[in-house]
Amino acid sequence: MEDSLEDLLEQHGGDCGDEDQPSAPEAKFRSSRMNIQRSSVCSRAYFVVVMVFFHVYILNVIGLLLYVHYNNGPGELVSEDGAPSASISDRGAALPHPDPAASDLHVEDYSQSVGLPRIEGIRVGHVQQVSLLPDRTHEMRTMSLKPLLFEIPGFLSEEECRVVVQLAQLKGLMESQTTTPSKEQEESNQPLLSLSTDEVFSLLDLNQDGLLQHEEIVSHSRSQDGTWLNPDNLRQILTGLEACPTGTLTLEDFRLVYDVSQRPGQQQSAKSRSQFKQRNKNTWLYQGPGSHHVLQSLRNRLISLTRLPSTLVGLSEPLQVIRYENGDFSNAHHDSSPPQSETTCTHTRMAGNKSALTEVSCRYLTMLFYLSSVEEGGETTFPVADNRTYEEQALVQDGVDLTDTKETCGRGNIRMKPSVGTALLWYNHLSDGRGWMGELDEYSLHGECPVRRGVKWTANSWVNVDPDHQQQARYQRLVAKRQQAKSGMEEHYQPLSHSDLHQDL
Ligand code: OGA
Ligand code: CA
Ligand code: FE2
């Protein structure tokens with residue numbers, strides 16, 4: 001056995017191949033003996049090799065599963081056919097609900113317990129069916145992998161777009177005096193939204209603390225958007241407020257003093273509209289409890305699609321509505337910021353002692369809703385999407401700066417034409433590999449081409465996440481504590497987060 005193995009190694013260098021032919025007839029016997037030995041040696045070696053491969057394969061599979069698990073957070077997101085496994089109705093059970101009030105939540109475990117899921121892009125052009133509403137499904141198309149960018153046509157109905165535009169107009173984003181509204185626009189503004197008492201309360205409650213403060217009513221009376229509260233309404237509300245010992249109105253108090261029948265009617269609104277002044281090109285709409293049901297539904301759809309914890313989404317910026325007119329554009333930019341030790345996130349600033357640091361926006365993802373179609377121009381451009389590499393120097397090509405959207409809009413790798421009701425979703429950050437938010441995705445650079453004809457209305461929904469998950473956890477606990485405190489003593493005026501954002505009225 002030992003001899004023959006040596007022979008074998010000598011003659012064939014340990015190769016198990018069978019192509020050797022003994023050249024001389026006297027070698028025949030030796031050769032056949034050797035073949036017997038060789039086949040047994042070969043099968044053992046073969047077995048060892050197969051076993052090694054098998055183990056390496058198993059280890060690879062386990063590694064891959066662990067990688068997928070930690071990248072997607074707890075709970076796999078996409079069912080076999082690529083459709084999300086949870087519809088809006090079963091979200092409550094499926095979502096990992098962080099309970100910021102729970103004092104036993106260890107901050108170290110935060111990213112483990114509340115991972116940030118990411119939708120899988122699969123490949124450019126891949127279409128997945130997503131279930132966002134009980135009565136229909138939507139198609140979501142992967143537009144690029146760097147950044148991970150999706151398009152969802154019909155995310156909003158045209159009617160819903162109209163409602164959001166009107167709510168923004170009511171809140172302070174007015175028709176421009178300089179442009180005469182086209183007939184189509186005039187029609188699209190009709191009829192004026194019929195707002196319930198609760199919705200009027202929500203629009204007036206600028207800091208969204210569930211109470212109407214004197215300043216909020218007074219600031220409204222000073223604003224130009226008096227089309228949905230006439231002087232009588234305002235006087236009644238102020239009188240009611242002054243009569244309240246607490247100096248604030250709860251929703252119940254408000255119901256008693258606000259007379260819906262006195263709200264200005266449609267015939268007046270046409271006249272008032274002609275007096276609209278453009279005060280701002282953008283405004284913020286709160287989407288939480290008490291807000292218009294379309295705004296709440298939009299937020300629920302976002303939660304359903306992204307599978308992000310509803311608490312996290314609920315503590316994010318309000319919906320930003322922007323109006324672009326002829327010639328308006330914006331240069332290419334990132335919506336979020338790279339995690340750096342010398343900066344702190346604006347949204348969690350109240351939970352930190354980092355007041356000396358520069359505040360930056362921390363936005364894990366962007367959902368952009370097109371609330372109108374644009375006749376010409378106004379595309380959203382992603383100049384470097386899916387480039388092989390990202391280098392800042394490469395942004396200047398032949399002396400042309402790709403971030404200068406006005407000049408180079410046509411050269412972007414991806415250009416999305418605004419189409420009413422379509423939503424875009426992209427991730428501004430990569431994963432940190434442990435289920436939390438990591439580096440800024442440089443490829444998420446985007447800009448807006450100049451509007452050439454028509455008016456462009458968009459809304460941005462940003463989900464704020466602090467790359468420092470301990471800071472995010474502290475912030476959530478702090479908000480929960482303040483909410484508890486507030487429900488304990490309603491009379492105290494405690495502005496919640498984002499109150500500053502509502503001061504544009
Ligand atoms: C933004 C933005 C794109 C668009 O508001 O930050 O990039 O096409 N918008 O409106
Ligand atoms: Ca208030
Ligand atoms: Fe942007």
Side-chain angles (χ1 to χ4, degrees), residues 143 147 149 151 168 173 200-220 237 241 244 246-251 253-254 281-284 286 288-291 317 319-325 328-337 361 363 365-374 377-383 385 403 405-406 409 412 414-420 422-428 440-441 443-451 454-462 486 490-503 505:
M143 303 306 296
L149 166 68
E151 178 197 42
L173 190 71
V200 170
F201 184 87
S202 175
L203 281 167
L204 281 172
D205 182 11
L206 301 183
N207 67 349
Q208 292 295 323
D209 65 347
L211 299 168
L212 287 188
Q213 281 80 23
H214 193 260
E215 308 89 289
E216 287 170 331
I217 309 300
V218 173
S219 107
H220 182 83
I237 298 169
L241 197 123
C244 261
T246 55
T248 55
L249 285 183
T250 62
L251 178 58
D253 303 331
F254 183 71
K281 285 200 178 253
N282 69 78
T283 195
W284 301 86
Y286 169 77
S291 62
E317 288 163 83
L319 188 73
Q320 186 193 36
V321 182
I322 314 183
R323 172 194 162 92
Y324 304 87
E325 289 169 30
D328 287 347
F329 72 101
S330 86
N331 282 334
H333 59 274
H334 292 106
D335 284 354
S336 191
S337 325
S361 296
R363 295 159 168 166
L365 61 78
T366 300
M367 269 205 95
L368 173 70
F369 306 118
Y370 293 122
L371 304 176
S372 71
S373 299
V374 181
E379 299 93 338
T380 309
T381 167
F382 292 81
T403 61
T405 312
K406 196 169 179 202
C409 172
I414 292 183
R415 242 169 313 136
M416 305 297 303
K417 190 173 160 50
S419 171
V420 62
T422 293
L424 299 186
L425 161 64
W426 69 88
Y427 292 85
N428 296 308
L440 180 73
D441 188 347
Y443 294 91
S444 66
L445 187 79
H446 62 281
E448 296 134 65
C449 305
V451 172
V455 177
K456 174 179 168 185
W457 285 92
T458 62
N460 283 310
S461 208
W462 286 299
K486 189 182 62 138
E490 286 277 335
E491 68 272 17
H492 281 90
Y493 176 39
Q494 292 188 323
L496 280 177
S497 56
H498 303 306
S499 54
D500 50 339
L501 297 176
H502 293 275
Q503 297 310 318
L505 263 176

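Numbering of ligands and ligand atoms starts at 1, following listing order.
- Within the 3.5 Å criterion, the main-chain N or O of T248 finds no donor-acceptor partner in the side chain of H214.
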Point to revise | Derivation of the side-chain contact (heavy atoms from CB on, under 4.5 Å) call for D328 and K281 | key: CA-CA 10 Å; D328 287 347; K281 285 200 178 253; 2.7 Å; yes

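- Angle O(L211) to the Ca ion (ligand 2) to OE1(Q213), rounded to 10°: 90°.
- Counting just the N/O/S atoms of D209, the one with the shortest distance to the Ca ion (ligand 2) is named OD1.
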Practice item. Might you work through the side chain to side chain donor-acceptor pair (under 3.5 Å) test for D205 and S202, ending with a clear yes or no? Key: CA-CA 5 Å; D205 182 11; S202 175; over 6 Å; no

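- When T380, N460, V451, L368 are checked for heavy-atom proximity to atom 1 (C) of ligand 1, N460 turns out nearest.
- Interatomic distance, N460 CG to L368 CG, rounded to the nearest 0.5 Å: 5.5 Å.
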Point to revise | Chi angles and distances behind the side-chain contact (heavy atoms from CB on, under 4.5 Å) call for T250, L211 | key: CA-CA 5 Å; T250 62; L211 299 168; 3.7 Å; yes

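- Taking 2.8 Å as the criterion, D335 counts as a coordinating residue of the Fe ion (ligand 3), since one of its N, O or S atoms falls below it.
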**Study point:** Intermediate values then yes/no, side chain to side chain donor-acceptor pair (under 3.5 Å), T366 and N428
**Key:** CA-CA 7 Å; T366 300; N428 296 308; 2.9 Å; yes

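- The shortest heavy-atom distance from H333 to ligand 1 is under 4.0 Å.
- Residue-to-ligand polar distances keep E379 apart from ligand 1: every N/O pair is separated by 3.5 Å or more.
- At least one N/O/S atom of H446, from backbone or side chain, sits under 2.8 Å from the Fe ion (ligand 3).
- Between the Fe ion (ligand 3) and the N, O or S atoms of H333, the shortest distance is to NE2.
- Taking only nitrogen or oxygen atoms, main chain and side chain alike, E448 reaches within less than 3.5 Å of ligand 1.
- Atom NZ of K417 has more than 12 heavy atoms from other residues, nucleotides or ligands within 6.0 Å.
- Atom 10 (O) of ligand 1 has K456 NZ, 3.3 Å as its closest protein atom, hydrogens excluded (heavy atom only).
- Counting the atoms of ligand 1 from 1 in the order shown, those under 4.0 Å from a heavy atom of D335 are 6 (O).
- Taking the six-membered ring for Trp and thresholds of 30 and 60 degrees, F382 and W426 have ring planes more than 60 degrees apart, a perpendicular arrangement.
- The N, O or S atom of D205 lying closest to the Ca ion (ligand 2) is OD1.
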**Study point:** CA sep, side-chain torsions, deciding dist, call: Y324, S330, side chain to side chain donor-acceptor pair (under 3.5 Å)
**Key:** CA-CA 10 Å; Y324 304 87; S330 86; 5.7 Å; no

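- Atoms of ligand 1 lying under 4.0 Å from at least one heavy atom of I322, given by number and element, are 5 (O).
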**Study point:** Audit row: D335, S444, side-chain contact (heavy atoms from CB on, under 4.5 Å) steps and yes/no
**Key:** CA-CA 8 Å; D335 284 354; S444 66; over 6 Å; no

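- Shown in contact with H446 at under 4.0 Å from a heavy atom are these atoms of ligand 1, numbered in order with element: 2 (C), 7 (O).
- Near T458, meaning under 4.0 Å from any of its heavy atoms, are these atoms of ligand 1: 10 (O).
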